[in-house]
Amino acid sequence: MSRYNFKETEAKWQAIWGERRTFCVDEQSDRPKYYVLEMFPYPSGRIHMGHVRNYTMGDVVARYRRAAGYNVLHPMGWDAFGLPAENAAMERGVHPAEWTYSNIATMRGQLQQMGLSIDWQREIATCHPGYYRHQQELFLDFLDSDLAYRKESWVNWDPVDQTVLANEQVVDGRGWRSGALIERRKLAQWFLRTTAYSDDLLDALAKLERWPERVRLMQENWIGRSQGAYIRFELRDRSSGKSLDDRLEVFTTRHDTLFGMTFCALSPHHPLAAALAAEDEAAAAFIAECDRLGTSEAAIEAAEKTGYDTGLAVRHPFDTDRVVPLYIANFVLMEYGTGAIFGCPAHDQRDLDFARKYGLDVIPVVAPRDVDPAEFAVADEAFVEDGVLVNSSFLDGLDVPGAKERMAARLEEDRIGEPTTIYRLRDWGISRQRYWGCPIPVIHCEACGIVPVPRGDLPVALPDDVAFDRPGNPLAHHPTWKHVDCPSCGAGAQRETDTMDTFVDSSWYFARFCSPRAERPTNRDQVDYWLPVDQYIGGIEHAILHLLYSRFFTRAMRRCGHVSLDEPFAGLFTQGMVCHETYRDQRGAWLFPNEVERRDDGTMVTISGQGPVTVGRSESMSKSKRNVVDPERIIDAYGADTARLFMLSDTPPERDLEWTDAGVEGAWRYINRLWRMVEAPAGPLAPGDAAMPDALSDAADRAWRLVHKTIHGVTDDLDKFRFNRAVARIRELTNLVGELEGDGDDVAWVRRRGLEAVVQLIGPMMPHLAEELWQRLGHDTLLADIAWPAADPALLVEDTITIGVQVNGKLRGTVEMPRDADRETAESLALALDGVQRAMDGKPPRKVIVVPNKIVNVVV
RNA sequence: GCCCGCUUGGCGGAAUUGGUAGACGCAACGGACUUAAAAUCCGUUUCGCUUCGGCGAGUGCCGGUUCGAGUCCGGCAGCGGGCACCA
């Protein structure tokens with residue numbers, strides 16, 4: 001018997017699929033369409049295990065749907081713009097384009113080695129002018145539709161590198177590369193009006209039934225629609241008591257607690273705070289201190305709450321003798337509401353922490369129902385639940401919702417406020433002061449203002465001759481690129497040098513795949529045929545931003561006539577990460593898994609010097625911790641099918657997967673076992689065209705029934721993304737078929753049919769091995785072109801079943817009985833069991849619960 | 001800090017709608033084959049006790065609902081994802 005040669009076999013079938021164009025799409029098909037898409041990769045250099053997992057899952061879905069009778073679109077492309085290319089340029093002097101295209105070439109080869117059923121004719125790269133020129137057209141459409149606009153906003157500015165930094169690039173208030181203290185700066189930036197669709201993006205979540213509930217929840221919270229009220233307060237100078245002209249407008253969701261207000265606070269970026277800082281050095285210093293936290297909401301909210309007393313006072317609108325101090329506080333966000341709040345420490349934990357720190361009053365105005373209001377006090381924990389309003393004048397005695405309503409009405413009556421709905425969602429800032437991105441196609445003219453680039457002049461292409469030897473945006477430094485004549489008046493003008501956020505690139509690539517070479521961004525016939533994506537697969541880390549931006553983009557594209565639908569992804573699956581143990585040497589330096597080995601006594605040592613190795617817990621594979629395994633090495637050593645099977649076995653796809661050598665070996669052993677079962681079966685196989693024998697022995701019948709149960713179960717599992725269970729079921733069937741003994745016609749027939757079923761069912765997971773075995777079983781049609789097997793419903797139900805018998809809820813035995821036996825039969829069979837009698841200890845049954853075909857529970 | 005998840009044997013996990021906890025795989029141990037090793041095949045394997053018939057405990061922790069809870073409810077802990085310029 002020949003050994004399974006995976007190298008030869010995998011190359012052979014990849015060549016055959018390629019020659020026959022097996023996976024190239026045909027829109028003329030009369031089959032129903034099915035669009036399966038995995039999140040396209042960033043071309044970082046080489047594929048990693050996360051890619052292998054993602055694309056294996058997608059390929060299983062694509063191949064399964066194809067077999068199940070669908071016209072499947074399964075494309076691949078490259079999310080090719082972004083910072084790492086510029087970092088490579090700076091660090092190694094290689095041009096971003098060269099670096100990117102060379103990475104793409106490498107990674108394309110690696111993906112092709114995986115044997116994915118991808119239509120490579122549709123490949124796109126977002127850094128290619130053939131892609132981004134259409135993105136520029138979309139931008140111009142959005143500009144025309146008032147969905148794109150320019151405004152000033154705050155950024156993290158690195159004064160040394162002369163660039164804007166992402167929050168993750170700001171470490172302890174300093175730039176990651178330069179080490180310079182970062183500043184907050186206001187910069188004119190381009191925005192997309194995501195908030196135009198706040199309500200729609202929120203309400204439409206309910207219709208995304210094939211999305212994970214938690215993703216919908218996260219998006220709901222992200223959009224953050226809340227009902228509340230604006231309230232305008234009179235401001236006074238605290239020392240003079242004089243009333244000021246300016247009013248302070250706050251937003252609150254707890255207007256019911258207005259009588260518990262003991263202070264007000266401004267965001268450090270509130271215009272009033274800026275005005276105060278202009279005349280008050282201490283205020284300016286405080287604001288500067290707040291700015292050092294950067295723009296990250298996480299950093300701001302996790303920081304200790306601090307404030308600066310402005311010396312101004314706020315007058316209570318209904319208790320007019322009361323004035324409370326006005327602070328500037330680091331935890332008030334300018335981006336949310338009005339950038340100013342009133343503080344009610346008794347009923348908000350953050351306000352309470354702040355009040356305790358600055359010695360402010362705490363006045364409870366909502367008391368729990370079961371407590372005497374006179375006795376009720378707030379200590380370290382704010383009372384945030386519903387209760388009865390107290391100390392609140394015209395609100396006393398109401399519950400929280402009632403008080404909100406009454407207060408809202410009163411605010412409107414007195415014209416000092418009104419109820420409102422606000423959102424946490426902000427417009428999407430897409431400006432990046434970087435080279436390697438899609439140029440924003442506008443021109444700044446001194447006379448005409450902002451002038452869109454005429455559509456006939458698109459694309460606005462990136463210049464190739466750029467230098468990264470000085471700080472700042474290379475496009476801005478380029479000697480000629482930005483100098484153009486104004487399309488409107490012809491005078492000298494300047495191109496916009498900002499490029500787009502790479503999230504823009506990935507917000508419509510799924511639409512471009514439908515007609516990747518079209519002259520316009522989309523071809524309406526094609527997108528109408530293929531969209532929505534039936535199954536989208538990617539990491540949970542994209543649960544909010546990428547998916548929300550894509551949902552927004554689809555709506556915006558619809559408004560501009562490029563697509564006919566709102567929701568791009570009908571089904572979504574979010575996969576877990578791939579993890580590995582971490583290793584460090586004596587000096588604490590991280591080690592790659594292939595630098596260490598396990599000794600017989602179980603301890604780990606370095607291969608080079610046999611030095612001691614500390615094993616850390618398993619974490620998501622990352623270059624920085626070196627706990628990575630290169631997929632190419634696994635594919636070289638064991639083949640793509642082994643890597644694919646391992647990715648699907650054992651761990652449910654939504655959970656994190658632990659990469660282990662032992663698991664890989666297990667997958668490899670199974671492949672060889674299947675190979676042997678076909679190459680050297682334990683007994684004869686019936687001819688391929690043999691008819692079913694008239695009678696089956698018990699063993700053959702049992703195996704034949706399992707074939708059908710497995711087909712049924714695996715089909716259901718694949719529909720529900722339970723790949724690990726599907727693998728387990730196929731292994732069970734493999735075991736039983738392998739155990740079949742004898743050379744009778746019935747056994748020989750079931751043996752053949754069993755093997756064929758195993759090969760067909762494992763096909764989407766291990767396509768190369770399956771094609772090879774299918775051929776060796778005597779078929780001359782590609783397995784990839786064979787219809788998915790169907791289970792015979794008659795073989796799925798058993799005549800006798802075994803159920804558990806409990807006494808007082810504890811299992812005391814099992815009993816076999818005919819399926820759908822009546823209660824009396826079940827009860828008497830159950831009571832007759834030795835273990836049951838023993839457990840009953842002579843006591844009469846008080847009650848016998850019989851759940852047909854499930855369980856009998858005797859209560860004594 | 002806020003939002004969202006996850007937690008079952010030595011390990012990855014299975015368990016339909018609340019109905020026999022541990023399928024399938026890994027590892028370990030015992031055996032067969034072999035001059036030997038690898039590979040392969042067979043067997044054992046939740047833990048504790050056991051007179052070997054069984055008995056008791058057990059799904060992160062505490063409590064509740066139920067004839068019956070891994071599954072439902074309340075509280076807690078640990079770990080992870082996201083927090084708007086990484087992709």
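The basis for the numbers below is simple: all heavy atoms, side chains too, and nothing from hydrogens, waters or symmetry mates. Predicted model, so just to flag it, every value in this text is computed and none were measured. Letters go in sequence order (proteins before strands), and every chain restarts at 1.
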Pair assignment for G80(B), Watson-Crick or G-U wobble, requiring both distances under 3.5 Å: C4(B)

Side-chain N,O (N735(A)) to OP1/OP2 (G25(B)) below 4.0 Å: yes

Identified side-chain hydrogen bond (donor to acceptor under 3.5 Å, both in side chains) counterpart of H269(A) within the set E335(A), K186(A), R184(A): R184(A)

Atom pair distance, as rounded to whole Å: CZ in F646(A) and C1' in A27(B): 14 Å

Euclidean distance for P, G22(B) against G70(B) (whole angstrom): 12 Å

C79(B) and C26(B), which share atom name C1', separated by this distance in whole Å: 23 Å

Nucleotide opposite C41(B) in a Watson-Crick or G-U pair, distances under 3.5 Å: G31(B)

D716(A) and R722(A) ion-paired at < 4.0 Å: yes

Chi class for G9(B): syn within 90° of 0, otherwise anti: syn

Spacing of L217(A) atom CG relative to C2(B) atom C1', expressed in whole Å: 14 Å

RNA chain B: 5'-proximal contact among T295(A) and R214(A) (nearest heavy atom): R214(A)

Rounded C1' spacing from G12(B) to U59(B) in Å: 15 Å

Any K810(A) side-chain N or O less than 4.0 Å from OP1/OP2 of U20(B): no

U20(B) phosphate, OP1 or OP2, under 4.0 Å from R812(A) side-chain N/O: no

Distance, P atom - from A57(B) to U7(B), rounded to whole angstrom: 25 Å

No-H, no-angle donor-acceptor pair, R655(A) side chain to C6(B) base, under 3.5 Å: no

Rounded P spacing from U40(B) to G25(B) in Å: 14 Å

Nearest to side-chain heavy atoms of Q806(A), which nucleotide of G25(B), G13(B), A21(B): A21(B)

Sugar-phosphate only, base, or nothing, as touched by Q433(A) at under 4.0 Å among non-hydrogen atoms: base

Donor-acceptor side-chain pairing of R434(A) and T163(A) below 3.5 angstrom: yes

Residue-phosphate contact under 4.0 Å: R673(A) side-chain N/O, A39(B) OP1/OP2: no

Aromatic ring proximity, centroids under 6.0 angstrom, Y549(A) and W428(A): yes

Listed nucleotide nearest any side-chain atom of A662(A), set G80(B), C26(B), A87(B): C26(B)

Under 4.0 angstrom between N221(A) side-chain N/O and C2(B) OP1 or OP2: no

Sugar-phosphate only, base, or nothing, as touched by E213(A) at under 4.0 Å among non-hydrogen atoms: nothing

Rounded P spacing from C4(B) to G9(B) in Å: 27 Å

Atom-to-atom span, CZ of F331(A) to C1' of G1(B) - whole angstrom: 12 Å

Touch class at under 4.0 angstrom, heavy-atom based, for H546(A) against every strand present: nothing

Rounded distance in Å - CD (E654(A)) to P (G12(B)): 15 Å

Atom-pair distance (CD1 on I544(A); P on A84(B)), nearest Å: 10 Å

Any N167(A) side-chain nitrogen or oxygen under 4.0 Å from OP1 or OP2 of C86(B): no

Any-strand Watson-Crick or G-U partner of A36(B), both distances under 3.5 Å: none

Short side-chain donor-acceptor distance under 3.5 Å, Y536(A) and S550(A): no

Options A84(B), C2(B), G12(B), nucleotide nearest the side-chain atoms of D650(A): G12(B)

Side-chain donor-acceptor contact under 3.5 Å, N87(A) with R177(A): yes

Side chain of A302(A) (C-beta onward), nearest among G1(B), U40(B), A84(B): G1(B)

Whole-angstrom distance between C6(B) and G13(B), as gauged at atom P: 13 Å

Parallel, tilted or perpendicular: ring planes of H546(A) versus H542(A), cut at 30 and 60 degrees: perpendicular

Residue A298(A), side-chain heavy atoms: nucleotide from C67(B), G81(B), G1(B) that is nearest: G1(B)

Below 4.0 Å: OP1/OP2 of C3(B) and any side-chain N or O of R216(A): no

Sugar-phosphate, base or nothing in reach of P41(A), heavy atoms under 4.0 Å: nothing

Short side-chain N/O contact to A87(B) OP1/OP2 from T502(A), under 4.0 Å: yes

Options A87(B), C55(B), G19(B), nucleotide nearest the side-chain atoms of L83(A): A87(B)

Whole angstrom value for the distance that separates P of G82(B) from CD of E297(A): 15 Å

Phosphate OP1/OP2 of C85(B) contacted by R432(A) side-chain N/O (<4.0 Å): yes

Integer-rounded Å distance: G1(B) P and K305(A) NZ: 8 Å

Flag for T100(A)-W436(A): side-chain donor and acceptor within less than 3.5 Å: yes

Close aromatic pair by centroid cut-off 6.0 Å: Y638(A) and F6(A): no

Closest nucleotide among A87(B), U20(B), G81(B) to the L545(A) side chain: A87(B)

Side chain of L811(A) - closest among C67(B), U20(B), C86(B): U20(B)

Candidates U20(B), G13(B), A87(B) - which lies nearest the side chain of N724(A): G13(B)

Pair N724(A)-R655(A), side-chain donor/acceptor within less than 3.5 Å: no

N857(A) side-chain proximity, nearest of C24(B), U40(B), C67(B): C67(B)

Base-pairing assignment for G53(B) (Watson-Crick or G-U wobble, both under 3.5 Å): none

Interatomic distance at C1', U17(B) relative to C72(B), whole Å: 12 Å

5'-most by nearest nucleotide on RNA chain B - T651(A) or G663(A): T651(A)

Integer-rounded Å distance: G82(B) P and L425(A) CG: 19 Å

Anti versus syn assignment for G74(B), with syn defined as within 90° of 0: anti

